[in-house]
Every structure is written in C-alpha cells, then in structure tokens.
S.K.: 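Starting off with a structure, shown below.
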Amino acid sequence: MTEPRRRSWAEPFKIKMVEPLKMTTREEREVAIREAGYNTFLLRSEDVYIDLLTDSGTSAMSDRQWAGMMLGDEAYAGSRNFYHLEAAVREIYGYKHLVPTHQGRGAEHLLSQTLIKQGDVIPGNMYFTTTRLHQELAGGRFVDVIIDEAHDPTDAHPFKGDVDLAKLRQVIDDVGPERIPYVCIATAVNMAGGQPISLANLHKVRALCNDHGIRIIHDATRVAENAYFIKEREPGYADKSIAEIVLEICGLTDGCTMSAKKDALVNIGGFLALDEWEVFEACRNLVVVYEGLHTYGGMAGRDMEAVAIGLQESVQFDHIKARVGQVKYLGEKLQDYGVPIVVPIGSHGVFLDAKAFLPQLDQDHYPAQALAAELYLDSGVRAMERGVVSAGRDPETGENRHPSLELVRLTVPRRVYTQAHMDVVAESVAEVWDNREEVRGLQMVYEPSDLRFFQARFEPVG
Ligand code: P71
C-alpha cells in the first residue's frame, strides 16, 4: 500500500464552551471606528467580530486550567499555588528564584529599577514598547543589536531574532561592560514579526557576555514558540523536545521577565525569575512595594495555579505545532492573494507590510494605523498598528522615531478561533488589498505622553 500523499492536521482539542460573536454592519463600524479615533485599541470589543488585536491574555484556557482555578488558595501569604508555580518555573525554565508579578511589565519594572542606573545602556534584539519604556524610566538607554535582516520585511532569514555579534561587541567597546547591567534577549521577537533567535547565536552571545561579565536577561514571553522554530529549522534539534529546547535557551541566560498572558495560556499573570540570589532579593524587596506580597505579586492564588498548568501545556509539541501552524495557515493564504507580509511567517501573528501595502502614504500619515482601521471597516476584524505610532518619540530629541518596519499585526489568540475564522480574515485583507488605492492617511489629533499607541486619536487627512 502506498502512503497517502496528503495528511491534514487539526487542533489537538475539542470545544466545550462557546462565546457568541456579534456581527455588525459597515454603517455601524463606520460610527464605531470614528468614535474610537481610528485607533483599534479604543474600539469596544463588543463591536469587533474577529479580534486579532493581540494574543495577550486572550487565549482559551484548558479544562485542566479551569479546574486549577477552583483550587485557588487565596491566603494572603504562602499560597499553595505559589509553590506550584515556583516548582513549574524551576522544572520548565530552570531558573532558581521566582518573583510573581501581575503581568509582564510588572516584572520589567522591578528588574529595571533594580539593575539599571542612570546612564546605563541595555543592548537588545529589537525593542519592545513596555520593556524599553521601563529601561528608560530607570535612566537607561536601549540599543538595538539585532541583525539587519530583522528590519527588512522581505528578508526570509530563518532566525531574524539573532543578535549581530559585531554590533553587540561595538556597544561593549563604546560604553564599557560596567555600563551594561544586562543584555536583553527576547525569544520569538515580537516587533520583528514573531521571529526566533537560534541556539547557535544565543551560545555565541553567552560566550561574549561571559568574556565581559555581563548578564543576559531573557524576555521569555514566547519562548515555547521560539523553541518550536528551533526544532523545525535549526540543525541538530529536530529530535529534541520543545521542553528540552526551552531548558537549553533558559540555561544560557541568567533570568527572565515573563508575561504569562502569551505562551502560558492565561488571561492575566506574569513573573520574574532569576538565578542570582542578590538580584532576586532586591527584586523581592521591590515586589511588595509595587505588586503585592512576594508569594502572589498581584495575582490571585487561582491565577497562579492556571499559570503553573499553562506552562506545562505550553511545551507540549501537539499544542505548539497547532498554534504556530494556524498562524502559518493564515499567512500562506495571504501570500496566495499576493498581500505583502513579513517573511518568514512568525509565531504569534501575521504582520502586514503597510509600507508596501499603501505606498501612496507617507509614514507621517500613519499607513499601518490607517490600514488597521480600514480592515476593521471592511469586516469587523481588529488588528494592531506596529509602526511609527508604536515606536513613539525619542526621549532625547522629542522627534518621532521612524522605524523601518511599518506593520499591521494580525495576532492569533491561542485555541480560540478556527481555520474558518482565518479564511474570513484572509478574505477581508484581500478585499482591502484590492481597494488599496482608495485608502487615505491619518493625522494624529491627540497624543498621550507614554505608550501613545494605546490612547492616541486620529482623523482622516483632507
Ligand atoms: C502584545 C503584548 C501586549 C501589549 C503590550 C504593549 C503594547 C501592546 C500590547 C506584551 C509583552 C511582550 C513582550 C515580548 C513584554 C510584554 C509586556 N505584549 N514582552 O504583544 O509581547 O507584557 O502585556 O503582560 O505587561 O500584544 P504584559
């Protein structure tokens, strides 16, 4: 008997509870987006059909996680669930000490305040909005040391999250290792389009940092997704489990900040994990000031239990294959329509290249913002701007930053939507693509001082 030539894969779960979606008319959406100042962050979720704003806190928990929620030990101090979470972090990531926080930016805050001094420099493989802001608020300056390929949406390099070692060496030479409290390494680099770092590269970064006595802090928010790409693409890792690869990545770094709202499949939660006792102790002292007692850090006991279980689920191969596979499914559909997207297709979403999509728009007329609004108008699909609005202003010059990547992120929540939803999304993007010449730019009419993309308001230009 010959083998069948094609074998489809399907989600490794079945659906036990459903949440009805509201459909809207184009007229209703016109009102909604105008009232939202053409900013998808300001839409009411009720007015959204398929919500691809973010994969953060929007995933579906498993029946085991929900069962764990019932086992919440809501004691103020020493909750049983804290110890479960601590054990899970030690087992899956291998870091020694845990500081729970309400979400990722809580961990970034504690770490930045503890390690960064005025005038310090923090090299990293591309900025993330909240991470960089906390570094700056602590008196530090972020320096991008990602490879150039990461800034080119058309470059299909398999590991666009890699660090350019020459750039990192240059920063160390320029400012001296004593001015670098740590190098910040993200896995599945969000702003680059969900692009992985290779283990070969991370080993080299570790060796260079060891030569200079510099720490590496890992943004582990999507480390399991990165591990999946390593298994798929990096020579020598095909037979390793996701769990083994995650442990190897974490073992090359000195600690992590974590938004448990992504890989760990919960609606809220995060933590800081550290190997060094002194740094841990300093962060543990701060957690009680800003987050909560050191055995809950802003999370309820039940939330910590759900994170502990979610971490275990995050490294299961069938899960991660289907998760990244669904993103790939959407991306390939868009490629079939000829829509310009960031390649390779990333881990947590498909990123539309708004500069190539709307070449008639100058970056100061916010092409990605305009494209996200247009997509919502077409179908009620909500996406997120990741371009000049997100990049914000340079704190020293006050000028707008002009990132080379001007993107719209179609972010896929985990275990929430079906392939049929992905079909609807792809068809809507294709519709906007066919009518792209009619899309007009925007002007900003309200600009908040910090993380402006969340609350900025816009109007169509003339
Ligand atoms: C995402 C988010 C949530 C978000 C944050 C800021 C602007 C828009 C949306 C959050 C991350 C992340 C990485 C790599 C730290 C955080 C902060 N991502 N590192 O992608 O992706 O975590 O949201 O739990 O505070 O939509 P937090």
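Since this is a predicted model, take the numbers as computed values, not measurements. All ligand and atom numbering here is 1-based and tracks the order in the structure. We're numbering straight along the sequence, starting at 1.
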S.K.: Check for me whether Arg80 meets the cation-pi criterion with Tyr83, that is, NZ or CZ under 6.0 Å from the six-membered ring centre and within 45 degrees of the ring axis.
M.R.: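 So Arg80 doesn't make the cation-pi contact.
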S.K.: Should the pair Tyr93 and Phe271 be assigned to parallel (<30°), tilted (30 to 60°) or perpendicular (>60°) ring geometry?
M.R.: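 The arrangement is tilted - the two ring planes meet at 30° to 60°.
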S.K.: Which protein N or O atoms sit under 3.5 Å from any N or O of ligand 1? Give each pair with its distance.
M.R.:
{"unit_1": "ligand 1", "atom_1": "18 (N)", "unit_2": "Lys262", "atom_2": "NZ", "d": "3.0"}
{"unit_1": "ligand 1", "atom_1": "19 (N)", "unit_2": "Asp219", "atom_2": "OD2", "d": "2.7"}
{"unit_1": "ligand 1", "atom_1": "20 (O)", "unit_2": "Asn190", "atom_2": "ND2", "d": "2.9"}
{"unit_1": "ligand 1", "atom_1": "20 (O)", "unit_2": "Arg222", "atom_2": "NH2", "d": "3.1"}
{"unit_1": "ligand 1", "atom_1": "20 (O)", "unit_2": "Arg409", "atom_2": "NH1", "d": "2.8"}
{"unit_1": "ligand 1", "atom_1": "20 (O)", "unit_2": "Arg409", "atom_2": "NH2", "d": "3.4"}
{"unit_1": "ligand 1", "atom_1": "21 (O)", "unit_2": "Asn190", "atom_2": "ND2", "d": "2.8"}
{"unit_1": "ligand 1", "atom_1": "21 (O)", "unit_2": "Arg222", "atom_2": "NH1", "d": "2.9"}
{"unit_1": "ligand 1", "atom_1": "23 (O)", "unit_2": "Gln103", "atom_2": "NE2", "d": "3.3"}
{"unit_1": "ligand 1", "atom_1": "23 (O)", "unit_2": "Arg105", "atom_2": "NH2", "d": "3.0"}
{"unit_1": "ligand 1", "atom_1": "23 (O)", "unit_2": "Lys262", "atom_2": "NZ", "d": "3.4"}
{"unit_1": "ligand 1", "atom_1": "24 (O)", "unit_2": "Gln103", "atom_2": "NE2", "d": "3.4"}
{"unit_1": "ligand 1", "atom_1": "24 (O)", "unit_2": "Gly104", "atom_2": "N", "d": "2.8"}
{"unit_1": "ligand 1", "atom_1": "24 (O)", "unit_2": "Ser259", "atom_2": "OG", "d": "2.7"}
{"unit_1": "ligand 1", "atom_1": "25 (O)", "unit_2": "Gln103", "atom_2": "NE2", "d": "2.8"}
{"unit_1": "ligand 1", "atom_1": "25 (O)", "unit_2": "Gly104", "atom_2": "N", "d": "3.4"}
{"unit_1": "ligand 1", "atom_1": "25 (O)", "unit_2": "Arg105", "atom_2": "N", "d": "2.9"}
{"unit_1": "ligand 1", "atom_1": "25 (O)", "unit_2": "Arg105", "atom_2": "NE", "d": "2.7"}
{"unit_1": "ligand 1", "atom_1": "26 (O)", "unit_2": "Thr54", "atom_2": "OG1", "d": "2.6"}
{"unit_1": "ligand 1", "atom_1": "26 (O)", "unit_2": "Arg409", "atom_2": "NH2", "d": "2.7"}

S.K.: Would you indicate whether the side-chain heavy atoms of Asp73 and Arg302 approach each other to under 4.5 Å?
M.R.: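 No - every pair of side-chain heavy atoms lies 4.5 Å or more apart.
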S.K.: Please output the side-chain donor-acceptor pairs of residues 308-317 that fall under 3.5 Å, not counting sequence neighbours, one pair per line with the distance.
M.R.:
{"unit_1": "Gln312", "atom_1": "NE2", "unit_2": "Glu91", "atom_2": "OE1", "d": "3.4"}
{"unit_1": "Glu313", "atom_1": "OE1", "unit_2": "Ser62", "atom_2": "OG", "d": "3.3"}
{"unit_1": "Glu313", "atom_1": "OE1", "unit_2": "Arg415", "atom_2": "NH1", "d": "3.0"}
{"unit_1": "Glu313", "atom_1": "OE1", "unit_2": "Arg415", "atom_2": "NH2", "d": "3.3"}
{"unit_1": "Glu313", "atom_1": "OE2", "unit_2": "Ser62", "atom_2": "OG", "d": "2.6"}
{"unit_1": "Ser314", "atom_1": "OG", "unit_2": "Leu311", "atom_2": "O", "d": "2.7"}

S.K.: Could you tell me whether Phe458 and Tyr446 have their ring centroids closer than 6.0 angstrom?
M.R.: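 No, ring centres 6.0 Å or more apart.
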S.K.: Within 45° of the six-membered ring axis of Phe453 and under 6.0 Å from that ring's centre, is NZ or CZ of Arg386 located there?
M.R.: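 Yes, Arg386 and Phe453 form such a contact.
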